[in-house]
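Worksheet for the structure shown next.
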2 protein chains.
Amino acid sequence: MADDSAVLDALRDAILRGEFVAGQRLVEIDLCERFCSSRFAVRAAIPVLASEGLVDVQRHRGARVRAISIEEAIEITEVRQLLEGLTAARAAERATPADIADLREIITQLRHAAGSGELVRYSEADARLHALVRRIAAHETAASIIERLRAQMARQAFMLSLVPGRQAMSLAQDEAIVDAIEARDAPAAERAMRRHVASVIESLRSDSQADLAAAVP
Amino acid sequence: MADDSAVLDALRDAILRGEFVAGQRLVEIDLCERFCSSRFAVRAAIPVLASEGLVDVQRHRGARVRAISIEEAIEITEVRQLLEGLTAARAAERATPADIADLREIITQLRHAAGSGELVRYSEADARLHALVRRIAAHETAASIIERLRAQMARQAFMLSLVPGRQAMSLAQDEAIVDAIEARDAPAAERAMRRHVASVIESLRSDSQADLAAAVP
DNA sequence: TCAGCGCATATTGGCGACAATATATTCAGC
DNA sequence: GCTGAATATATTGTCGCCAATATGCGCTGA
């Protein structure tokens, strides 16, 4: 393999999947071996990941996977609250009947996952719902920022999905969002989405030591 | 000179100052001569600028300065409206008396510039006001996104500052923002900031061919 | 005269080697 | 035994070369 963008994606995925502990040094030679690529490819990938906020680079000291604090996670989620609210409002204005059927389909999947307690499957379906709302909204600028912010919080989001009782509340909130979009009620969709993301902020605020518990999975 | 970050900043500035026409090819060799640097430095700078949304890179076809459409400018400003509203609200909660004195100082500068019709000086002071609000808000995530979005619209923002009559309206809006921050009224500060940015969106919507007129300066 | 094809050239992509620098280790002195 | 500096090593920064590829031009044929 000698494709630079392949290394970029592989390294990004590895960081997002939590295969590197926060703060760990990313030594170029090691990454070359890991991804069977040349040093040139990883050197092209690292600045891009730095601009995405996934790694921190210091001159002559290399790159480290960026550790984000609870305060920073709250900041990120505050911004997401506004932007995902915007996409929900636009989705309510633009959704076609086919779009609404797709949203309902995901709600069904969420219900099944919540009912059988499949946490990972639930959080994947929730991510699909948000992604679909973004696609319906067709707001490229907001979507790309949201995706970048979600990536930065990937591990923390996974952690929150393990907090018991969140699924039930989250499911009701997701249903409220889809209801508002179906009713073509943009302000209601925006409010529902903001409430949904706000509950993430509250979770972050309440148990600030949850990130320590997240070391288990 | 052989400093890579210097080339990055110089190239970014050159693009922001409008020294390249939109869509122009950025040939690596030309940039080397222009900035008296090695090809290595420009090759390191280009991916970073691409991730900042200032240039577009295509495989084996090089980089071009990214042309943003009116629709995209509106999208960017819609996001800025939300995020700058957030910073205004936080600034209202956190501003010290010294901060408020600094804000008042900039308002004075804005009045002078508007009174003597110094358009460039006015828009510079306006940018300083927004930057100060961001600093007071101390919301790193929102601030970095806003700065990136403002950079993408740098030329368009300059263009709007030339529309006659905008200064008077803009000045009143800026004063309303500072008044609300001084009164520690976060919701009012957020509303005032949103109105301020909303007027930019309206300007973009109303004369969509203003970017053609901007070829003059 | 125009269309299609092949070639030449300009430009970017990729790589190995070398230089510069930060960090760790070790040794000497107190 | 501890502290400080000097050296050694590991890692990143920089460069020039060659290969791969897109684009533009000229040529040939209908």
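Each chain gets a letter, A, B and so on, in the order its sequence line appears, and its residues count up from 1. Computed from a predicted model, the values in this text were never measured in an experiment.
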Before you tell me yes or no, could you show the steps for B/Asp99 and B/Arg135 under side chain to side chain contact (heavy atoms under 4.5 Å, CB included), namely the whole-Å CA-CA distance, both residues' side-chain angles and the distance that decides it to 0.1 Å?
CA-CA 10 Å; B/Asp99 290 333; B/Arg135 193 177 60 71; 4.0 Å; yes
Electrostatic pair A/Arg12:A/Glu147 at N-O distance under 4.0 angstrom
no
With a 4.5 Å cut-off on side-chain heavy atoms, are A/Ile177 and A/Ile181 touching?
yes
Spacing between B/Arg59 atom CZ and D/dT23 atom C1', to the nearest angstrom
17 Å
Measure from NE2 on B/His60 to P on D/dA22 and round the result to the nearest Å.
6 Å
Whole-Å distance between C/dT11 C1' and B/Glu33 CD?
14 Å
Heavy-atom pair with the smallest gap, counting every atom of B/Phe35 and B/Ala14
CZ-CB, 4.3 Å
Between C1' of C/dA22 and CZ of A/Arg64, the distance in whole Å
12 Å
Go through A/Ile136 and A/Asp102 one step at a time and tell me if the side chain to side chain contact (heavy atoms under 4.5 Å, CB included) criterion holds.
CA-CA 11 Å; A/Ile136 296 170; A/Asp102 291 343; over 6 Å; no
Value in whole Å for how far the P atom of D/dA10 lies from CZ of A/Arg61:
18 Å
Within residues 21-29 of chain A, residues whose heavy atoms come under 4.0 Å of DNA chain D
A/Arg25, A/Leu26, A/Val27, A/Glu28
Any side-chain N or O of A/Arg43 under 4.0 Å from OP1/OP2 of D/dG13?
yes
Any side-chain N or O of B/Ser38 below 4.0 angstrom from OP1/OP2 of D/dC15?
yes
May I ask you to decide whether A/Arg150 forms a salt bridge with A/Glu84, counting only side-chain N to carboxylate O separations under 4.0 Å?
yes
How many Å lie between CZ on A/Phe40 and P on D/dC18, as a whole number?
17 Å
Is it the case that the base of C/dG13 and the side chain of B/Arg39 share a donor-acceptor contact (distance under 3.5 Å, atom types as modelled)?
yes
